[in-house]
Structures are given as C-alpha cells and as structure tokens.
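Reading through the structure tokens given below for one structure.
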Amino acid sequence: MARPHGRMNSGEHRRVALVTGAARGIGAATVLELADRGWSVLAVDIASDDPALPYPMGSKSELVAVATEASSRVSRVGAVRPFVADVRDPEALRAAVAEAVDTWGGLDAAIAVAGVIAGGDPLWEMPIERERAVMDVCLGGVMNLARAAIPALLARPEPRTGRFLAVASAAATKGLPLLSAYCAAKAGVTGLIRALGAELGGTGVSANAVSPGSTDTEVLAETARIYHLPDAVRFGGQQPIGRLLAPAEIASVLAFLAGPDSSAMTGAVVPVDGGLAL
Ligand SMILES: NC(=O)c1ccc[n+]([C@@H]2O[C@H](COP(=O)([O-])OP(=O)(O)OC[C@H]3O[C@@H](n4cnc5c(N)ncnc54)[C@H](O)[C@@H]3O)[C@@H](O)[C@H]2O)c1
C-alpha cells in the first residue's frame, strides 16, 4: 500500500484535479504540488477584482503563470490548464468540470480553495455587499463546486477514489471579532464537509477539509489591514509553531488528502495551523 506521495501505480490512470482559487496563495501552491505528483489540473480562478472588496484578487497573468510553471514541472505541455470562473456562478463551475472531463477523461479531485476576507466592522455595521461577498464565495462557492463536481467524481467506475476537498479556516472554530461573516462562512464549510462525508458514504468518494492557521498570503495581509496592523508577521507569534505557515505547507496536506493514501478519511476537518487551535 506504500505509495510515495500518493503517486499512481503504473496501469492506474493519471489523476485529474480541479482547483479553485488557483492564481496565487494556497490554491497556486496546491496546483504546483499536484503537478509535482503527476496530476493533470484545471486551475480555476476569478482572475479579476471584486468591486465589493477593498483588496485585489488574483490576476489572469498570475493564473496563466501558475499553469505554465506547473505544466513545466509535470513535463507534459497542457497538463495544467488555466480556466477563468467565478465560484459564485454554478454554470461557470459546470463548464469548468466539463472542461476537465473533456480534456482528461474524468475527474478525481475537486478542491475548493477560493476564498475572500472582509470585515473591520461589527456584523450589524458591515456593508451588506461585503457580507454577501464573503458568504457567497467562501460558503456558496464551495457548495457550488460540490454540486458541479461530485457527479463527475461519482461518474468514475468503481472502485472509486474521488475526493471533494475544501479549505476552511481556524476561523471556523474561533470567534474572531470584526470577522463574523468570515467565521460564519468557514464554520458553514466544516458543517457542509461533515454532511457530504455522510451523504457520500459507500460511494468511494470522500469529502474532507483542512483548516489552515495564519498563512503568508493576500488574505492574511488583508486581515492585518482589517486589524490596523503594520504587517501580518505578528500573526505567526500566536501559533505555537512560532511563525507564519507557507502556502506549500497547506498544499502538501491537501495533496495527501487528494491522493489514494487518505482512503480511511471522510467528513474530517484537519487543522493545518501550527497549533493555533490548541
Ligand atoms: N491565508 C490564511 O491565513 C488563511 C487561513 C485560513 C484559511 N484561508 C483560506 O485559504 C483559501 C485561499 O486563500 P489564500 O490565503 O491563498 O488567499 P489569496 O487571496 O492569495 O487567494 C485566494 C484566491 O481565490 C481567488 N478568488 C477569490 N474569489 C473568487 C471567486 N469568486 N471565484 C474564483 N476565485 C476566486 C482569488 O482571485 C485568489 O487567487 C481561502 O479560502 C482562505 O479563506 C487562508
């Protein structure tokens, strides 16, 4: 059963993943990690800014650069493709799933990484369009991906090893002031994953999540701005590990969960947080 880094045995098909939020941060690191492990990947991102949010999203050029770098690592041209879609748009995600299935013959893992943060006001004073952006991307986007992708995971022949994965947050279990919508959305993701784990029982397809701690990305930089801190480095001191996490450290756990070696897990929410939740 030992398969280094969950690599495929010869004779198994090359595994296919769809990753949202892929232009930068944890999503980009996940695309690169999966490519290193031999996967074909559709790298999905909105790749444009959201007028409801005061900080920039990933760009089209960042998304294309991630796909190009990942394709070069897997040494097959086109093994990782960029795809622009807003996770709030169920039709766009259906098109993304269809693109992956048409290109590579099926889907083995759908990984919902896309997320946004907004806050700075108590909930009752937060502009409603920011609350909606957080809920609709962080929770609605995960549900939309589940709706679009799980039928493709179930369409693989038995015995299946499909994986639906989501990125929650330490904010799912901590009450963070001025980030109430974000906490609510991330707690929603953990509830969703537990329910999907139960619903998918017996199918061979599993649902799991990771809950990252403070990770060095734009979401954390925006969190520092929300709390009027000069930079995000000090968040590292709140974690027993004593530093910020790197996106690649979250990606390696997601890649493990995506692979065959996570076969005993479903409905799990795995803290990858340097001990923040202790
Ligand atoms: N950085 C942290 O400390 C931390 C901690 C816990 C959880 N998270 C979660 O990790 C995930 C990845 O965030 P990150 O930290 O890498 O930040 P990031 O801002 O660098 O990456 C988020 C990516 O999602 C994309 N995106 C945003 N809205 C989208 C939409 N509607 N449709 C498609 N793509 C969209 C952005 O363009 C961006 O490329 C998020 O779900 C975030 O909530 C981050």
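For ligands, and for the atoms within them, numbers begin at 1 and follow the listed sequence. What you see is a predicted model, and the numbers here were worked out from it, not measured in a lab.
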Heavy atom under 4.0 Å from ligand 1: found in C138's side chain, backbone, both, or neither? neither

Contact between ligand 1 and T20 is defined here as a heavy atom of the residue under 4.0 Å from a ligand atom; is it met? no

Would you say the side chain of L245 lies within less than 4.5 Å of the side chain of R243, judging by non-hydrogen atoms? yes

Residue and atom name of the nearest protein heavy atom (relative to atom 15 (O) of ligand 1), distance in Å to one decimal: T217 OG1, 2.5 Å

Rounding to 0.5 Å, atoms CG (D231) and CG (L220) come to a distance of 9.5 Å

Has R147 got more than 12 heavy atoms of other residues, nucleotides or ligands less than 6.0 Å from its CZ? no

Any idea which part of Y182 is under 4.0 Å from ligand 1, heavy-atom wise: side chain, backbone, both or neither? side chain

Nearest non-hydrogen protein atom, atom 32 (N) of ligand 1: V87 N, 3.0 Å

Considering all heavy atoms of both residues, which atom of R88 and which atom of D136 are nearest to each other, and what is their separation? CG-O, 3.5 Å

Please could you name the atoms of ligand 1 that G58 approaches to less than 4.0 Å, counting only its heavy atoms? 36 (C), 37 (O), 38 (C), 39 (O)

Closest to atom 40 (C) of ligand 1 (heavy atoms only, candidates V167, V219, V113, L245) is V113

So which of I250, V134, D45 gets nearest to atom 39 (O) of ligand 1, if we judge by its closest heavy atom? D45

Under 3.5 Å, is there a donor-acceptor pair between the S59 and S61 side chains? yes

Per-atom contacts, ligand 1 versus S214 - under 4.0 Å to a heavy atom: 3 (O)

Side chain, backbone, both or neither: which part of K186 comes within less than 4.0 Å of ligand 1 when only heavy atoms are counted? side chain

CE/M265: more than 12 non-hydrogen atoms of other groups inside 6.0 Å: yes

Run the salt-bridge test on D273 and K174 with the 4.0 Å N-O cut-off and return the result as yes or no. no

At a non-hydrogen distance cut-off of under 4.0 Å, which region of V116 contacts ligand 1 (side chain, backbone, both, or neither)? side chain

Please classify the A22 to ligand 1 contact at 4.0 Å (heavy-atom distances, strictly less than): side chain, backbone, both or neither. neither

To check your reading of the model: name the closest protein heavy atom to atom 20 (O) of ligand 1, its residue, and the distance in Å. R24 NE, 3.0 Å

Between R132 and E129, is there a side-chain N and carboxylate O pair less than 4.0 Å apart? no

Heavy-atom nearest neighbour in the protein, as seen from atom 5 (C) of ligand 1, with distance rounded to 0.1 Å: G213 O, 3.2 Å

Are the side chain of R163 and the backbone N or O of L153 linked by a donor-acceptor pair below 3.5 Å? no

